[in-house]
> 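Below you will find the structure I want to go over with you.
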Amino acid sequence: MLKLIKSFVAAIIFVYSIMVPSVLMAIEIGQTLPFEKIQTLDGTYFEIPKNNTKNTLIQLWASWCPFCKRQNNYLESFSKLIPPKSMNIITISIDKTPAIAREYMKQNRYSFSAAMMTPELSQAIGKIRGVPVLLILDSKNKVIYKEIGEVFEEDYIELIKYAK
């Protein structure tokens, strides 16, 4: 009888994991990221336009992460290398407070937009296993590129193909 109950419970867990999207599962290539308007660290708002025709680069980072700092430097160079307005770019800090993230942006003189992770965005992205995380969305917000961990400078240069 105990074996039957265990089998039944295992079957329920399996069916539940298939039928109900899990917050523990990270967003993957091919999935759509619902992205709403988000307040940036400088008080303005970043929003992907309704009639968007460009890809969107989203980079998750933390001020305490040495890999993020290098990658943010690559992003700074990348953002100046691509044609103006050829790609939507936003970075998302997972730091504990906006003050920490603002100070980090100021100290490093980054010109790209940055915002704080929101509960809604965190739920949509799902469980992240480390930073940095780099996502590129197509014009319909479908994930077409995903990298967890540092993307090196030469690899970043190859991302120019996503700028339109």
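Just so you know, these numbers come straight off a predicted model, no measurement behind them.
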> According to salt bridge (charged side-chain N to carboxylate O under 4.0 Å, His left out), who are the partners of E120, at least two apart in sequence or on a separate chain?
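Applying salt bridge (charged side-chain N to carboxylate O under 4.0 Å, His left out) to E120 gives none.
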> Between I89 and L159, is there a shared hydrophobic cluster once you connect ILVMFWY residues whose side-chain heavy atoms come closer than 4.5 Å?
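Same hydrophobic cluster.
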> Tell me, which pairs form a ring pair (Phe, Tyr, Trp, His ring centres under 6.0 Å) where one or both residues lie in residues 119-143, sequence neighbours left out?
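Sorted pair list comes back empty.
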> Check this for me: K164, atom NZ, are more than 12 non-hydrogen atoms of other residues, nucleotides or ligands nearer than 6.0 Å?
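For K164, atom NZ is crowded (more than 12 foreign heavy atoms under 6.0 Å).
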> Only counting residues at least two apart or in another chain, list the ones meeting side-chain contact (heavy atoms from CB on, under 4.5 Å) with I29.
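I29 satisfies side-chain contact (heavy atoms from CB on, under 4.5 Å) with V143, K146 once adjacent residues are dropped.
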> Between I148 and F67, is there shared hydrophobic-cluster membership here, with clusters defined by ILVMFWY side-chain heavy atoms closer than 4.5 Å?
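No; tracing contacts between hydrophobic side chains, which count when under 4.5 Å, never links both residues.
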> Picking from N88, L134, T91, what satisfies side chain to side chain contact (heavy atoms under 4.5 Å, CB included) with L57?
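Output: one option passes, namely L134.
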> With sequence neighbours left out, what residues match Q31 under side-chain contact (heavy atoms from CB on, under 4.5 Å)?
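Result, side-chain contact (heavy atoms from CB on, under 4.5 Å) vs Q31: I27, E28.
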> Minimum heavy-atom separation for E76 to S111, with atom names?
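Heavy-atom minimum between the residues: OE2-OG, 2.7 Å.
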> Take I160 and F78 through the test side-chain contact (heavy atoms from CB on, under 4.5 Å) and record every step on the way to the result.
CA-CA 8 Å; I160 289 174; F78 175 81; 3.7 Å; yes
> Taking the side chain as every heavy atom from C-beta outward, state whether M116 and L41 have any atom pair closer than 4.5 Å.
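Side-chain contact under 4.5 Å: yes.
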> Evaluate side-chain contact (heavy atoms from CB on, under 4.5 Å) for V133 paired with E147, printing each intermediate quantity in order.
CA-CA 6 Å; V133 174; E147 189 67 46; over 6 Å; no
> For S86 and P83, indicate whether the former's side chain and the latter's backbone hold a donor-acceptor pair under 3.5 Å.
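The answer is yes, because a donor-acceptor pair under 3.5 Å joins these two groups.
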> Applying side-chain contact (heavy atoms from CB on, under 4.5 Å) to V131 and I94, what does each step give before you reach the verdict?
CA-CA 9 Å; V131 284; I94 63 165; 3.7 Å; yes
> Can you find a heavy atom in the side chain of W61 that is under 4.5 Å from one in the side chain of L75?
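Answer no - side chains too far apart.
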> Would you say N55 and I144 make side-chain contact, with heavy atoms under 4.5 Å?
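With C-beta onward as the side chain, the pair touches.
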> Would you confirm whether K37, through its side chain, and Y45, through its main-chain N or O, come within 3.5 Å as a donor-acceptor pair?
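Not a single qualifying donor-acceptor pair exists.
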> Taking the side chain as every heavy atom from C-beta outward, state whether T118 and Q123 have any atom pair closer than 4.5 Å.
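No, every pair of side-chain atoms sits at 4.5 Å or beyond.
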> Hydrophobic clusters here meaning ILVMFWY residues chained together by side-chain heavy-atom distances under 4.5 Å, can you tell me if L137 and Y156 are in one?
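Different hydrophobic clusters.
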> If you count heavy atoms of other groups shown closer than 6.0 angstrom to CD of E36, is the number above 12?
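Check fails, neighbour count at 12 or below.
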> Shared ILVMFWY cluster between F35 and M117, side chains joined below 4.5 angstrom?
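Yes; M117 is reachable from F35 via cluster members.
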> Following the transitive rule for hydrophobic clusters with a side-chain heavy-atom cut-off under 4.5 Å over Ile, Leu, Val, Met, Phe, Trp and Tyr, establish whether I92 and L135 coincide in one cluster.
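Yes, one cluster joins them.
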> Mind jotting down which residue pairs meet the ring pair (Phe, Tyr, Trp, His ring centres under 6.0 Å) criterion with at least one end in residues 81-100? Sequence neighbours excluded, please.
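Counting only pairs at least two positions apart or across chains, no ring pair (Phe, Tyr, Trp, His ring centres under 6.0 Å) contact touches residues 81-100.
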> Nearest heavy-atom pair of S113 and I90: which atoms, and what distance?
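Shortest heavy-atom separation between S113 and I90 comes out as CB-CD1, 3.6 Å.
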> Taking C-beta and beyond as the side chain, do Y145 and V151 meet within less than 4.5 Å on heavy atoms?
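They are in contact (side-chain heavy atoms under 4.5 Å apart), so the answer is yes.
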> To the nearest 0.5 angstrom, please state how far the CG atom of L81 sits from the CD1 atom of I157.
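Output value for this atom pair is 5.0 Å.
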> Rounded to the nearest 0.5 Å, what separates atom CD in E153 from atom OG in S77?
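That separation rounds to 6.0 Å.
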> About how many Å separate OG1 of T40 and CZ of R102, when rounded to the nearest 0.5 Å?
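Reported to 0.5 Å precision, the distance equals 9.0 Å.
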> Are any of the side-chain heavy atoms of T56 and L33 separated by less than 4.5 Å?
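No. Closest side-chain heavy atoms not under 4.5 Å.
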> Scan for side chain to side chain donor-acceptor pair (under 3.5 Å) pairs involving residues 63-73, sequence neighbours excluded, and state none if there are none.
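Residue pairs with at least one partner in residues 63-73: Q59-Q71, Q59-N72, S63-D95, K69-N108, R70-E150, N72-Y104, N73-Y110.
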